[in-house]
*Asks:* 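Mind having a look at this structure? Questions to follow.
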Number of protein chains: 2
Amino acid sequence: MNTSVLQEKFNGKYKLTWQREIIFRTISKYTDQHPSAEDVYEIIHRQHPVIGLATVYRTLELLSSLGIVQKLDFGDGRHRYEINDCHALHHHHFICISCGKVVEMKGICANTFNAGRNDVDGISVTDYQLYAYGYCKDCEKNQPPPPC
Amino acid sequence: MNTSVLQEKFNGKYKLTWQREIIFRTISKYTDQHPSAEDVYEIIHRQHPVIGLATVYRTLELLSSLGIVQKLDFGDGRHRYEINDCHALHHHHFICISCGKVVEMKGICANTFNAGRNDVDGISVTDYQLYAYGYCKDCEKNQPPPPC
DNA sequence: GTACATGCAAAAGATTTGCACTCTT
DNA sequence: AAGAGTGCAAATCTTTTGCATGTAC
């Protein structure tokens, strides 16, 4: 994904500031690390100390509302962000309930919604997220019995 | 689900206090409303003003860690809770990105994980959540084109 | 030029925590 | 009796907001 995506998605409704470009590029580059707003801010801050945390929050919220990024919640008390690459296979997240590690699970369950739009009861689904919980391979030992 | 579930799940490791019973019963009763911790606190407060908000938080966290309740995030800035009824068909949540309404979607995509445990790459999945986003039937008009 | 965006600092919320006291076991 | 749990209030942490200033279009 390159910056012209922003131009297109903003569609004249939002201004393409250099701050927004930097934030977008940072989230693009670090997308597999699922950075939080604070993380993005800190990465950027080294090179561009003038960009404020509030701008990072505002921009991530904007990109999220436009479907450019996905806002994730792994249950650790802050939101995390990744690029929403519509043309790639949807991937989902496995979260270890013992150590908190996050593992990407590509393609699982994707076929249910990947057709783009999906109507159920007059509802039109444009996107979805799947979170799986359990024990990662390092934590599989000492695990309690499953809840069911 | 009745209170003896608690006795069993606590397994001697946690004490069965009347506060925990009340919180559990409240979340059981209001589970389809996905109450937040504050909501639970307020419902309980009418009858049991002595129970503190911190206890509600602590208990919901405990029940969540034991797999008795699911902690949900609909993106409105607070966590919400529902009973994790392992023996019922898993249900998921549709969240309208226009008005914020939440609609339950029963059974969709459930078969991917419903077999209980599911091993991928040494990972053992014990639970999962699926969030679908889009426009509810009241908001379908005036919707922008889908991101993909 | 003008409306929108930013930076800063303060505010707002949600959730957690320290501590003295209480209660389950 | 002992240790875990509770209530309260304060603390913490994330996210939002008001406002004066800056800037993309």
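Reminder, nothing fancy here: chain letters follow the sequence lines and each chain counts from 1. It should be emphasised that the depicted structure is a prediction, and the values quoted were computed from it without experimental measurement. Heavy-atom basis, side chains included; hydrogens, waters and symmetry copies ignored.
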*Asks:* Specify the separation, in whole Å, of atom CG of B:D76 and atom C1' of C:dA12.
*Replies:*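 Taking CG of B:D76 and C1' of C:dA12, I get 15 Å after rounding.
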*Asks:* Does anything in residues 27-36 of chain B pair up under salt bridge (Lys or Arg N to Asp or Glu O under 4.0 Å), and if so which pairs, sequence neighbours excluded?
*Replies:*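 Not a single pair qualifies under salt bridge (Lys or Arg N to Asp or Glu O under 4.0 Å).
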*Asks:* Using atom types as modelled, flag every donor-acceptor pair under 3.5 Å from a side chain in residues 62-70 of chain B to any protein atom, sequence neighbours excluded.
*Replies:*
| unit_1 | atom_1 | unit_2 | atom_2 | d |
| --- | --- | --- | --- | --- |
| B:S65 | OG | B:L62 | O | 2.8 |
| B:Q70 | OE1 | B:Q129 | NE2 | 2.4 |
| B:Q70 | NE2 | B:N84 | OD1 | 3.4 |
| B:Q70 | NE2 | B:D127 | OD1 | 3.3 |
| B:Q70 | NE2 | B:D127 | OD2 | 3.0 |

*Asks:* To the nearest Å, how far apart are A:E21 CD and C:dT6 C1'?
*Replies:*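 Atom-to-atom, A:E21 to C:dT6, this comes out as 16 Å.
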*Asks:* Going 5' to 3' along DNA chain D, which are the first and last nucleotides with any atom under 4.0 Å from a heavy atom of chain A?
*Replies:* D:dT14 to D:dC25
*Asks:* Could you give the angle between the helix axes at the two ends of the helix from C:dG1-D:dC25 to C:dT25-D:dA1, with five pairs per end, rounded to 10 degrees?
*Replies:*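 About 50° separates the two local helix axes.
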*Asks:* Kindly write out the residues that satisfy salt bridge (Lys or Arg N to Asp or Glu O under 4.0 Å) with A:R78, not counting sequence neighbours, or none if the list is empty.
*Replies:* none
*Asks:* Strictly by salt bridge (Lys or Arg N to Asp or Glu O under 4.0 Å), give each pair with a member in residues 10-28 of chain A just once, sequence neighbours left out.
*Replies:*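 Every salt bridge (Lys or Arg N to Asp or Glu O under 4.0 Å) pair that includes a residue of residues 10-28 of chain A, provided the two are not neighbours, is A:E21-A:R25.
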*Asks:* Give the B/S/- string for nucleotides 15-25 of chain C, one per nucleotide from 5' to 3', where a protein heavy atom under 4.0 Å of the base yields B, of only the sugar-phosphate yields S, and otherwise -.
*Replies:* BBBB-----BS
*Asks:* List the residues meeting salt bridge (Lys or Arg N to Asp or Glu O under 4.0 Å) with A:D73, not counting sequence neighbours, and say none if there are none.
*Replies:* none
*Asks:* Can you list everything that forms a ring pair (Phe, Tyr, Trp, His ring centres under 6.0 Å) with A:H34? Sequence neighbours excluded, please.
*Replies:* A:F74, A:H93
*Asks:* Using the benzene-type ring in the case of Trp, are the ring centres of B:Y128 and B:H92 under 6.0 Å apart?
*Replies:*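 Yes: the rings meet the under 6.0 Å criterion.
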*Asks:* The criterion is salt bridge (Lys or Arg N to Asp or Glu O under 4.0 Å); which residues satisfy it with A:K101, sequence neighbours excluded?
*Replies:* A:D138
*Asks:* Counting only pairs under 3.5 Å, give me each side-chain donor-acceptor contact of residues 40-54 of chain B, with atom names and distances, residues two or more places apart or in other chains.
*Replies:*
| unit_1 | atom_1 | unit_2 | atom_2 | d |
| --- | --- | --- | --- | --- |
| B:Y41 | OH | B:H45 | ND1 | 3.3 |

*Asks:* Going by the rule salt bridge (Lys or Arg N to Asp or Glu O under 4.0 Å), which residues pair with B:R80 if we only count those two or more places apart in sequence or in a different chain?
*Replies:*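 By the salt bridge (Lys or Arg N to Asp or Glu O under 4.0 Å) rule, B:R80 matches B:D39, B:D76.
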